[in-house]
2 protein chains.
Amino acid sequence: MSADGATRIEDWTERFQGTRALPRAVRDRLIRAARIVRIGKGTQVFGPDNVPDRLFFLYDGRIRVSQTSEGGREIVLYRVEAGDSCVLTTACMLAEEAYNAEGIAETDVTAVVLPKPDFDRLVAEEEPFRKFVFDAYSRRLIDMLRVVDDVAFGRIDVRLAERLLALAGDMKEVAATHQDLASELGTAREVISRVLADFQKRGLVQQSRGRITLADKAGLRALAESA
Amino acid sequence: MSADGATRIEDWTERFQGTRALPRAVRDRLIRAARIVRIGKGTQVFGPDNVPDRLFFLYDGRIRVSQTSEGGREIVLYRVEAGDSCVLTTACMLAEEAYNAEGIAETDVTAVVLPKPDFDRLVAEEEPFRKFVFDAYSRRLIDMLRVVDDVAFGRIDVRLAERLLALAGDMKEVAATHQDLASELGTAREVISRVLADFQKRGLVQQSRGRITLADKAGLRALAESA
DNA sequence: GCCTCTTGCGTGACTTTGTCACCGACACCG
DNA sequence: CGGTGTCGGTGACAAAGTCACGCAAGAGGC
């Protein structure tokens with residue numbers, strides 16, 4: 001929100017469900033314990049060789065969490081938006097297990113980083129914070145259920161239509177290469193090319209290099225919902 | 001383990017990582033608060049129209065958690081074994097959202113059921129228990145990562161070989177129909193039939209109605225690991 | 001401008017996986 | 001012994017993924 005990039009974050013605890021409801025004293029303690037970090041667009045926030053030992057709360061921006069196969073193919077698992085916490089990192093911290101998911105900053109990101117001891121104390125002592133953390137976990141589990149359902153049982157044309165609409169938001173253009181879209185859905189570039197060619201023939205989209213124009217959103221929505 | 005079905009469970013808190021480490025007084029309190037339930041093999045433990053409002057700890061037996069698509073196809077997400085807790089139910093309880101996964105008792109099951117208030121208190125007050133719950137969540141998330149990877153990027157012959165070995169354990173037979181195996185992997189019965197026919201031709205397995213004999217486990221393992 | 005190089009995209013041929021329709025084989029049961 | 005339901009086999013086709021190309025649109029250098 002703050003248009004001025006130099007603005008200090010006065011009270012980030014206002015930003016999160018899990019901290020907003022806490023007593024003033026606790027919030028002040030948190031503000032002292034936490035660090036604010038800014039991460040440039042495109043940076044890897046966490047990954048197989050970059051296991052964080054701290055907790056992550058996303059103040060501003062968006063992180064894309066994806067998984068890469070041995071063969072180099074990629075699939076997007078979910079996105080972490082502002083106001084949410086990044087639980088895959090905590091999952092890993094707590095389980096101390098290997099996983100091959102990674103988080104990429106999709107925009108410039110401002111995050112609150114909390115050392116694990118402070119996190120533990122907070123979870124122990126504060127009910128609202130606990131609820132926040134469990135909610136985040138639940139949301140991710142449910143996201144993953146959706147991904148499994150899509151990948152195992154969904155048609156790619158339907159999934160692509162969905163994803164294009166989601167990526168466009170209110171806009172009517174999506175800036176993405178065919179390869180980008182393939183990585184979104186965990187498929188191959190050629191498949192996307194063919195499906196998009198078909199969409200174009202049907203007047204649903206128009207294409208130019210690295211850019212898809214959604215010419216008929218209603219049509220795409222109809223396709224997306226013909227699940 | 002107790003061959004005598006009438007045997008009372010003396011101290012189930014010994015059975016779980018998360019409760020074993022607790023002070024005696026807390027454990028006694030828990031034993032008073034919890035109920036022991038026995039569930040017959042094949043029963044649905046939870047599901048879309050069967051949302052639990054209690055916490056589940058698996059004392060004995062095994063629960064298979066699977067997801068079913070609109071088209072009626074099914075895929076196994078993971079299994080909950082004795083000593084573990086069933087977090088999808090808690091995920092749902094906490095998020096109070098709809099999901100279309102279900103849990104089926106794969107064997108006769110003995111479980112400890114803890115009312116939510118007691119669960120909350122335990123999470124708040126006891127560090128070892130908290131760790132136990134978070135671990136369970138992490139494990140599931142990681143299981144799901146694996147499922148996504150398999151479904152999106154894996155070959156079915158490899159996945160089938162893996163699954164056959166896992167289902168057989170130390171035995172060299174698997175009692176499952178082709179349809180059962182298709183539901184394990186989220187594919188169609190015909191696909192399993194064809195792959196098994198191929199396995200048979202290669203001398204890896206032998207088949208009879210509802211029963212697969214793993215004739216060459218080493219060969220299957222080699223195939224499974226040729227990821 | 002013009003050349004070159006990278007990156008994005010199109011395409012055809014082929015393999016793998018999933019779908020559909022159908023039928024035969026087996027087991028169980030009266 | 002004949003019905004009846006489940007299980008598995010099969011062939012033809014559709015959808016999706018793989019492989020090997022080659023062309024073309026920009027970006028940058030000269």
Side-chain angles (χ1 to χ4, degrees), chain A residues 42 67-75 147-164 173-202 205-213 223-224 226-227, chain B residues 42 68-75 147-164 173-202 205-213 223 226-227:
Chain A
Q67 192 179 23
T68 305
S69 77
E70 297 186 24
R73 252 167 66 196
E74 197 182 340
I75 183 168
V147 173
V148 169
D149 197 276
D150 281 0
V151 170
F153 308 126
R155 302 175 51 87
I156 31 108
D157 52 354
V158 174
R159 293 174 59 210
L160 180 55
E162 274 175 10
R163 195 56 64 100
L164 284 172
E173 280 197 350
V174 175
T177 66
H178 292 187
Q179 182 55 61
D180 292 339
L181 294 169
S183 296
E184 286 281 333
L185 302 181
T187 182
R189 200 252 323 154
E190 297 91 317
V191 175
I192 298 293
S193 292
R194 268 190 289 246
V195 175
L196 279 178
D198 180 57
F199 282 6
Q200 186 163 27
K201 201 160 53 189
R202 294 204 260 160
V205 304
Q206 283 184 311
Q207 301 188 62
S208 66
R209 195 182 178 79
R211 169 171 309 279
I212 320 285
T213 307
L223 178 56
S226 75
Chain B
T68 305
S69 76
E70 297 186 23
R73 253 166 67 194
E74 198 182 340
I75 184 169
V147 173
V148 169
D149 197 275
D150 282 359
V151 171
F153 309 125
R155 300 177 51 87
I156 33 104
D157 52 354
V158 174
R159 294 174 59 209
L160 181 55
E162 273 174 11
R163 196 55 64 100
L164 283 172
E173 280 196 351
V174 175
T177 66
H178 292 186
Q179 181 56 62
D180 292 339
L181 294 170
S183 296
E184 286 281 336
L185 303 181
T187 182
R189 201 252 321 154
E190 297 92 316
V191 175
I192 298 293
S193 292
R194 268 191 293 245
V195 176
L196 280 178
D198 179 57
F199 281 6
Q200 186 162 28
K201 201 158 54 188
R202 295 204 260 160
V205 305
Q206 283 184 309
Q207 301 188 62
S208 66
R209 196 184 178 80
R211 169 171 309 279
I212 320 284
T213 307
L223 178 56
S226 74

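Proteins come first, then strands; the chains are lettered A, B, ... in the order of their sequence lines, and each starts at number 1. Values in this document were obtained by computation on a predicted structure and should not be read as measured data.
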For nucleotides 26-30 of chain C, tabulate all protein N/O to nucleotide N/O atom pairs closer than 3.5 Å, reporting atom names and distance.
{"from": "C:dC26", "atom 1": "O2", "to": "B:R209", "atom 2": "NH2", "distance (Å)": "3.3"}

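- Heavy-atom distances under 4.0 Å link DNA chain D to no residue of residues 174-185 of chain A.
- Residue B:L164 comes nearest to B:V205 through the heavy atom pair CD1-CG1, 4.5 Å, listed as atom of the first residue, atom of the second, then distance.
- Taking atom CG on A:D198 and atom P on C:dG10, their separation rounds to 13 Å, with Å as the unit.
- Contact check for B:F199 versus B:L223: side-chain heavy atoms found under the 4.5 Å cut-off.
- A:R155 CZ to A:S226 OG: the interatomic distance, rounded to the nearest 0.5 Å, is 8.0 Å.
- Sorted by first and then second residue, the pairs that involve residues 188-200 of chain B and meet salt bridge (charged side-chain N to carboxylate O under 4.0 Å, His left out), not counting sequence neighbours, are B:D198-B:R202.
- The side chain to side chain donor-acceptor pair (under 3.5 Å) test applied to A:T177 returns A:D180, not counting sequence neighbours.
- Annotation: of the two residues near DNA chain D, A:V195 and B:I212, the 5′-most nearest-nucleotide partner is B:I212.
- For the helix from C:dG1-D:dC30 to C:dG30-D:dC1, the rotation axes defined at the first and last 5 base pairs enclose an angle of 20°, given to the nearest 10°.
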Inset, instruction - Using the side-chain contact (heavy atoms from CB on, under 4.5 Å) rule, take B:V191 and B:L160 through it: C-alpha gap first, then chi angles, then the decisive distance, then the call. - result: CA-CA 10 Å; B:V191 175; B:L160 181 55; over 6 Å; no
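- Residue B:Q207 places its CD atom among more than 12 non-hydrogen atoms of other residues, nucleotides or ligands, all under 6.0 Å distant.
- Across A:A224 and A:V158, no two heavy atoms sit closer than the pair O-CG1, 3.4 Å.
- A straight line from CD of A:Q207 to P of C:dC9 spans 8 Å, rounded to a whole angstrom.
- Shortest non-hydrogen contact noted between B:H178 and B:S193 is ND1-OG, 2.9 Å.
- Side-chain contact between A:T187 and A:R159 is absent, with no heavy atoms from C-beta onward closer than 4.5 Å.
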So which protein nitrogen or oxygen atoms get under 3.5 Å of nucleotides 17-20 of chain D's nitrogens or oxygens?
{"from": "D:dG17", "atom 1": "OP2", "to": "A:T187", "atom 2": "OG1", "distance (Å)": "2.5"}
{"from": "D:dG17", "atom 1": "O3'", "to": "A:R73", "atom 2": "NH1", "distance (Å)": "3.2"}
{"from": "D:dT18", "atom 1": "OP1", "to": "A:R73", "atom 2": "NH1", "distance (Å)": "3.0"}
{"from": "D:dT18", "atom 1": "OP2", "to": "A:R73", "atom 2": "NH1", "distance (Å)": "2.6"}
{"from": "D:dT18", "atom 1": "O4", "to": "A:R194", "atom 2": "NH2", "distance (Å)": "3.0"}
{"from": "D:dC19", "atom 1": "N4", "to": "A:E190", "atom 2": "OE2", "distance (Å)": "3.1"}

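- Note that CD1 of A:I192 is 5.0 Å distant from CG of A:L185, once rounded to the nearest 0.5 Å.
- The distance from atom CZ of A:R211 to atom C1' of D:dA25 is 14 Å, rounded to the nearest whole Å.
- Inter-residue side-chain proximity for A:L196 and A:L181 is flagged as met; some heavy-atom pair is nearer than 4.5 Å.
- Contact record, A:R73 with A:A188: NE-N, 4.4 Å, taken as the closest heavy-atom pair.
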